[in-house]
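Comments concern the structure below.
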Amino acid sequence: MKTMEEKNAEGNVIKDEDFIQVKSLKQYFPVSGNSLLNRQYVKAVDDVSFSIRKGETLGLVGESGCGKSTLGRTLLQLYVPTGGEVIFDGQKLGDLRKKEMKSFRKRMQLIFQDPSACLNPRKTVREILMEPYRIHRVGTEKEREQKVLFLMDRVGLESYYLSRYPHEMSGGQKQRVGIARALALKPELIVCDEAVSALDVSIQAQVINLLEQLQEEFSLTYLFISHNLSIVHHISDRVAVMYLGKMVELGSDTAIYENPCHPYSQALISAIPNADCEKDKSRILLTGDVPSPVNPPSGCRFHTRCRHCREICRQEEPGLREIEPDHYVACHLFG
Amino acid sequence: MKKNEKTAELQETADDRNGSLLRIENLEVEFHTVEGIHKAVRKVSYEVKMGETLGVVGESGSGKSVTALSVMQLIQSPPGKIMGGKILFEEKDLLSLSKEEMNHIRGNEIAMIFQEPMTSLNPIHTCGKQIMEPLILHKGYSKSEAYEKALQMMGQVGIPIPRQRMKEYPHQLSGGMRQRVMIAMALVCKPKLLIADEPTTALDVTIQAQILELMKILRKEMNSSIIMITHDLGVVAEMCDRVVVMYDGQIVEVCKVSDLFRHPYHPYSEGLICSIPSIGGTRRKLYAIKGTVPSPYEEKTGCSFAPRCQYAKDICRRQCPEMTDLGNGRLVRCWNYRETGNLMETAKESPEGRGKA
């Protein structure tokens, strides 16, 4: 049961005018091998509430297995949520029928991590980019061709690549095709799931600049999921930190990176290897590993690795509280 | 004059004593594939001094791993072939050793940590057995001695409940723990040289910090030299004394780590440093090195970075520059090294670019 106070706090995280509102979203996956009676669940996303504002980039960081990719996909309704709801521009996505959902999908797209795995190897770039138009029955053949040429130009690929197959292109070029495909139907929200992690450093910078330029041009809203904290810092307006299926901190980019408040965010930020030799290199080392999400610790999920762990942390789960304007932390230290 | 010469000589001998553990001279490695000859490593020379940590950075395909694998002689042949050069480890040329002699050095005096601990540990043997193996093989330990030693090593690399973990298989451990097993395996024979090929790339930042800290402690205790292969300049800044920058199978710059970040001479190193987003400070538009890495099968005339280089001149396209020695251990392979540095300056001066919303 939620206390009144926590409900209020949740109301604070989400404002009515926010473009995308995520309310107590839950996504559990059953772990096989158990009977119905004692079936266990991986609680990949467990009661997460936040919002994304129009035109902003929300960075989502956390270690592998913390549920950040699942959150991105559940938000796009690629999984049916176990609980909670997503409100996209005033519309509850859970209420939509299949056909209505299909037309809604035009407004949200996903860019994947591995560009070689997400492009069909048996299709040429032209066929890959035509597909969204074909599925949603947009325009005539001629108009589609025009649109594809426009997309290629926007993502910085020469038109002769249209007749190539994915294996004939480099990783950076393939990622550009993936971006062009995501842009095809003029979406409003793009979820970038580790969109640059598989690329080389020098190519990473090219793709990040491209994403920023496209955001400005098409007034896109990004949910930028990455484990690379430096890149998230560079691209985001606000940043959310996840740990074991829970959101532990949410705030503006400067708040999270310069004044992280949750002990986990503090450890995460201090763990970034710094290229600046003169900087002070004191760091908070976490002990141990992330506990299993099947059987998460009681109370605050971070308490097993936390330096400031107190009795209350073992028993009671902290909710997100606003500690300064637009900066939310789920920690008993700020109770 | 004479005195000067003499001091220079003295200096040299002092350097030698503190001298090189591994010296690679003009190493050339080719891969003969269906698509043609891939010159993965083209006349690479560098040395690793006693007790030093040398960073090797570069993009994928720049030849940094192939160089390291050649030292271990783990290049699969065919298609790979070492075409020329020398690899001198304590003045022995590793390339001229017999298979048995090399087996004695590999894992014993030179050890390696790989990027992906899941694929480089044997899934059908317990972790304990894999750590014990080099001890029994190289040091002639009995099984029980090796067991005790492995147990101690596991504790040293920070694996909790080592007695339990000895009996477990790699798939039962988390990524960080597996990497610790790899490190324990590599260090159990107290190697003189440790080659770490992207040791933390597959790990999360908090685990990466743990592993780097561990490597620093072990380096101090064992006084081994380390070759740290990575594409993460942050890791280089943190761990290394000197750094070698590779591009397209060649070394383009060698210098101290602090010099690399303060004033890189090669346009590629400069581009690399400007293209990483930094934490703290103002946000600027990232500098992106234009174009992509050239195809390894092309026959190149001139500097292979020229098509992507903003300083490129006629001569760059015609003739490949030689390594220029700038003194003080700095080497650079560029015709225009005197002119570089613009990017660093503009990056400092114009923090604008993309304003924060």
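Just so you know, these numbers come straight off a predicted model, no measurement behind them. To find a chain, count down the sequence lines: A is the first, B the second, and so on, and within it residues start at 1.
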Answer with side chain, backbone, both or neither: which region of B:Glu59 has an atom nearer than 4.5 Å to a non-hydrogen atom of chain A? both
Which answer fits B:Gln210, side chain, backbone, both or neither, if we ask what part of it has an atom under 4.5 Å from a heavy atom of chain A? both
Heaviest contributor of heavy-atom pairs below 4.5 Å to chain A, chosen from B:Leu260, B:Val205, B:Val235, B:Thr206, is B:Thr206
Per-residue contact mode, A:Ser170 against chain B (heavy atom under 4.5 angstrom): side chain
With a 4.5 angstrom heavy-atom cut-off, could you sort out which part of A:Leu268 is near chain B: side chain, backbone, both or neither? both
Qualifying residues under side chain to side chain donor-acceptor pair (under 3.5 Å), relative to A:Arg164, sequence neighbours excluded: none
Is it the side chain or the backbone of A:Leu286 that comes within 4.5 Å of chain B heavy atoms, both, or neither? both
Does any non-hydrogen side-chain atom of A:Leu244 lie less than 4.5 Å from one of A:Pro297? yes
Indicate whether the side chain of A:Asp253 and that of A:His233 have a donor and an acceptor atom separated by less than 3.5 Å. yes
Could you tell me which residues satisfy side chain to side chain donor-acceptor pair (under 3.5 Å) with B:Arg178, sequence neighbours excluded, listed by chain and number? none
Determine the sole option in A:Glu63, A:Arg305, A:Glu249, A:Arg301 for which the side-chain hydrogen bond (donor to acceptor under 3.5 Å, both in side chains) test with A:Tyr264 is passed. A:Glu63
